[in-house]
Amino acid sequence: MAVVISVANQKGGVGKTTLTLNLGYGLARMGRKVLLIDVDPQFNLTFGLIGMEVMNHENSNVGTIMARESDVNDTIVEVSENLHIIPSHLDLSAKEIEIINAYNRERRLQKAISPILPDYDYVLIDNPPSMGIFLVNSLTASDYVLIPLELSYFGVIGMQLMFNLMAMIREETNENLSLMGLVPNKFTRQTKVPKTRLKELKDAYPDAPILTTIPKAVALEKAQGEGLSIFDYEPEGRAAKAFEKLTREVISIVEGE
Ligand SMILES: Nc1ncnc2c1ncn2[C@@H]1O[C@H](COP(=O)(O)OP(=O)(O)O)[C@@H](O)[C@H]1O
Ligand SMILES: [Mg+2]
């Protein structure tokens, strides 16, 4: 039965899509069966994995499965043997209003994916930079949350919003939701500021595990631009090493190795 992990942060540009994509590839390389789900109407993850084919998914995307207009099995796209994706689509933003007014609106994603969970080891959900019904659906369907963040002042204090939402989800729809950890992203040692912020982060949220730090690396941006994982774009670079370490860390948390 798959373990479901939401990659979430209400702030945009912090590395949610980068983390979902590269952790997904990392787990698939280590032999795990992985399903990625793109719940962001901006479909960056989908575009990175299937490119222009996203255009063919008007009637088979994450929004149509939540609206119960398509079957989940007909919606999954195989990227490679161990890596599949449920794509997003531009129309997803229009679906939001439909889902908000639908019966059982918080559990639409959970119900839609439950029949296919036995087919995977990991399900990773990439989320939009907002706290709406899509994020609520993702967190309701998840076992764990991974939070990428930038070590800026607002990046650190903004964590409180995610923690408040998680507390609400535990109270209302999913008591089993747990924080897997924070993933400091775009880390640089050139200035003292990130180190200071890292300490502030530890002081502010002493119970939040801080996982492998991902360095700031142009290779990550370039890889994304070419629709490649960092393991294919620059396998020997610092960023690939960091993602490999993070992948092992996630496996050890989930599988207890
Ligand atoms: N560690 C990093 N180093 C350099 N660029 C990064 C890093 N992580 C993400 N980026 C770049 O920052 C931008 C935002 O990242 P993205 O993953 O799309 O964020 P989000 O999904 O949270 O909006 C993208 O252009 C991405 O390539
Ligand atoms: Mg994104």
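All figures in this text were calculated on a predicted structure; none of them were measured in a lab. Order of appearance sets the numbers: ligands from 1, and atoms from 1 within every ligand.
Remark: Ser70 OG to His57 NE2 distance equals 10.5 Å, nearest 0.5 Å. The structure places CD1 of Ile116 at 9.5 Å from CG of Asp71, a figure rounded to the nearest 0.5 Å.
The pair Glu244-Arg248 meets the salt-bridge criterion, with a side-chain N (NZ, NE, NH1 or NH2) lying under 4.0 Å from an Asp/Glu carboxylate O.
Side-chain contact check for Met66 versus Glu96: every heavy-atom pair is 4.5 Å or farther apart. Under the 4.5 Å side-chain criterion, counting only non-hydrogen atoms from C-beta, Leu139 is not in contact with Asn127.
Near ligand 1, Gly12, Gly13, Val14, Gly15, Lys16, Thr17, Thr18, Asn185, Lys186, Ile214, Pro215, Lys216, Ala217, Leu220, Glu221, Gln224 each place a heavy atom less than 4.0 angstrom from the ligand.
Among the atoms of Thr17, an N, O or S atom falls under 2.8 Å from the Mg ion (ligand 2).
With sequence neighbours left out, the side chain to side chain donor-acceptor pair (under 3.5 Å) criterion links Thr20 to no other residue.
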